Number of protein chains: 2
Amino acid sequence: MKHSHKRDAICEVLKSKRDHPTADMVYERVREKYPEISLATVYRNLAQLCTEGTIIKIGAAGRERYDIDTSDHTHFFCDECGEVYDVFSDLNFTGLAKAESEIGCKIDFAHITFRGHCKNCMAKAGN
Amino acid sequence: MKHSHKRDAICEVLKSKRDHPTADMVYERVREKYPEISLATVYRNLAQLCTEGTIIKIGAAGRERYDIDTSDHTHFFCDECGEVYDVFSDLNFTGLAKAESEIGCKIDFAHITFRGHCKNCMAKAGN
DNA sequence: TTTGAAAACGATAATCGTTATCGTTTTTGT
DNA sequence: ACAAAAACGATAACGATTATCGTTTTCAAA
């Protein structure tokens, strides 16, 4: 895909620190390279990158986050610190066909997110 | 739980038509009984009912919906018509422990939503 | 290398769902 | 009946995101 310089810089931000930043966080980071960039440009390019499939949006209650890893994986949201972690382990679940037949629908996606307490927060609480 | 008249009417709206309405939809419906009710009152009471555990919020990308069925169940969102359906079939999934050990976390909730095409929309498309 | 159209941009206004404020009204317990 | 607490309506404020618009940059064809 052909990208503008600023769009490239936004990709670079997503690639270099894979912590699922919000638009604001991307804005702050890309300003290190382009101090004059507008927040509108960040939103515009994030939207475009989503449309073309380069990145994905992982909605978390009124505050979108962005992930450059478009492979099939799950996200874990820490309820304590708000951090988001990738989970790549396979999750097989049974009952999907039964769910489909229950309401007579075709399930295209089963979207799973985890919530709980992350390693760091558990370590802190443990002491 | 002790409720005001208007809070009761809001519950009644949720009970009588279990289609996971948005706050706006609740507002429209409760106005049939209380034409003078304010949208603020609807939001206020929906929030309160969530807090006390009488109803649940099922967030769907920037637009909350409300469900008076607080039992453990899943929701199916039709990508075509936007309708939301309840799914009560059990879904067992394996790999949760592996996911926990992968990132060293404690998973408290696994939140699942389905997306796809509902019965009605498939029937329409089929002709 | 000029040129002109398309794409991208910055600034900022607008939008949308939701929440907060505040002065008034209703409910409740005594 | 009465005071305190809860609920209310109107509306302003909020925060995240999107739209607008006039300007600037890019890039390919001439």
Side-chain angles (χ1 to χ4, degrees), chain A residues 1-14 19-68 75 77 82-84 113, chain B residues 1-14 19-68 75 77 82-84 113:
Chain A
M1 304 260 183
K2 182 178 57 71
H3 288 160
S4 69
H5 293 153
K6 284 169 187 171
R7 189 144 62 241
D8 272 333
I10 286 168
C11 281
E12 207 43 55
V13 162
L14 270 313
D19 61 345
H20 317 85
T22 62
D24 260 328
M25 290 159 75
V26 172
Y27 175 59
E28 286 307 325
R29 290 179 198 171
V30 80
R31 282 215 291 171
E32 289 166 18
K33 183 161 187 185
Y34 292 105
E36 79 288 0
I37 199 171
S38 162
L39 181 56
T41 299
V42 172
Y43 272 107
R44 206 172 8 228
N45 282 315
L46 287 172
Q48 170 129 5
L49 290 166
C50 283
T51 303
E52 68 179 43
T54 306
I55 66 174
I56 55 171
K57 221 194 256 198
I58 54 175
R63 195 153 199 145
E64 297 292 349
R65 288 170 170 271
Y66 299 88
D67 190 349
I68 201 156
H75 293 105
F77 295 79
E83 194 70 47
V84 183
T113 60
Chain B
M1 303 262 181
K2 181 177 58 71
H3 288 161
S4 69
H5 293 154
K6 285 170 187 171
R7 188 145 63 241
D8 271 334
I10 287 168
C11 280
E12 207 45 55
V13 162
L14 270 313
D19 61 345
H20 317 84
T22 62
D24 260 329
M25 292 159 75
V26 172
Y27 175 58
E28 286 308 324
R29 290 179 198 169
V30 81
R31 282 216 291 171
E32 290 166 18
K33 182 160 187 186
Y34 292 105
E36 79 287 0
I37 198 172
S38 162
L39 181 57
T41 300
V42 172
Y43 272 107
R44 205 174 7 230
N45 282 315
L46 287 172
Q48 170 128 5
L49 290 165
C50 283
T51 303
E52 69 179 42
T54 306
I55 67 175
I56 56 171
K57 222 194 256 197
I58 53 175
R63 195 155 200 142
E64 297 292 348
R65 288 171 170 271
Y66 298 88
D67 190 349
I68 200 157
H75 293 104
F77 295 80
E83 194 70 48
V84 183
T113 60

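If you're wondering where the values come from, they're calculated on a predicted model, not measured in any experiment. Chain letters run A, B, ... following the sequence lines, proteins first and then strands; every chain starts at 1. Atoms considered below: every heavy atom in the structure, side chains included; atoms not considered: hydrogens, waters and symmetry mates.
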From [atom1] ([X]) to [atom2] ([Y]), nearest 0.5 Å:
| X | Y | atom1 | atom2 | value |
| --- | --- | --- | --- | --- |
| A:Ile10 | A:Lys33 | CD1 | NZ | 11.5 Å |
| B:Lys6 | B:Asn45 | NZ | CG | 9.5 Å |
| A:Leu49 | A:Arg44 | CG | CZ | 12.5 Å |
| A:Glu64 | A:Leu46 | CD | CG | 10.5 Å |
| B:Tyr43 | B:Asp24 | OH | CG | 5.5 Å |
| A:Leu14 | A:Arg29 | CG | CZ | 8.5 Å |

How long is the line joining [atom1] of [X] and [atom2] of [N], in whole Å?
| X | N | atom1 | atom2 | value |
| --- | --- | --- | --- | --- |
| B:Met25 | C:dG17 | CE | C1' | 15 Å |
| A:Arg44 | C:dA8 | CZ | P | 9 Å |
| B:Arg63 | C:dT18 | CZ | C1' | 12 Å |
| A:Leu39 | D:dA19 | CG | P | 14 Å |
| B:Asn45 | C:dT19 | CG | C1' | 14 Å |
| A:Asp8 | D:dT25 | CG | C1' | 15 Å |
| B:Asp24 | C:dT15 | CG | P | 16 Å |
| A:Tyr43 | C:dC16 | OH | P | 17 Å |

Please list, by residue number, the residues of residues 46-56 of chain B whose heavy atoms come closer than 4.0 Å to an atom of DNA chain C; answer none if no residue qualifies. none
Shortest non-hydrogen separation from [X] to [Y] and the atoms involved:
| X | Y | value |
| --- | --- | --- |
| A:Lys2 | A:Arg7 | O-NH2, 4.0 Å |
| B:Val26 | B:Pro21 | CG2-CG, 3.7 Å |
| A:Asp19 | A:Arg65 | O-NH1, 3.9 Å |

Among [options], the nucleotide that comes nearest once only the side chain of [X] is considered:
| X | options | result |
| --- | --- | --- |
| A:Lys6 | C:dA11, D:dT18, C:dC9 | C:dC9 |
| A:Ala23 | C:dA20, D:dT17, C:dT18 | D:dT17 |
| B:Thr41 | C:dC9, D:dG9, C:dA11 | D:dG9 |

Report which part of the nucleic acid A:Arg7 touches: base, sugar-phosphate, or nothing (heavy-atom distance under 4.0 Å, all strands). sugar-phosphate
Any base atoms under 4.0 Å from A:His5, or only sugar-phosphate, or nothing? Heavy atoms, all strands. sugar-phosphate
Tell me, with the steps shown, if B:Glu36 and B:Tyr34 meet side-chain contact (heavy atoms from CB on, under 4.5 Å). CA-CA 5 Å; B:Glu36 79 287 0; B:Tyr34 292 105; 3.7 Å; yes
Looking at five pairs on each end of the helix from C:dT1-D:dA30 to C:dT30-D:dA1, what is the angle between the two axes, given to 10 degrees? 20°
Quick one: on DNA chain D, does B:Tyr34 or B:Lys2 contact a more 5' nucleotide (nearest heavy atom)? B:Lys2
Under 4.0 Å: is that the gap between some side-chain N or O of A:Thr22 and OP1 or OP2 of D:dA16? no
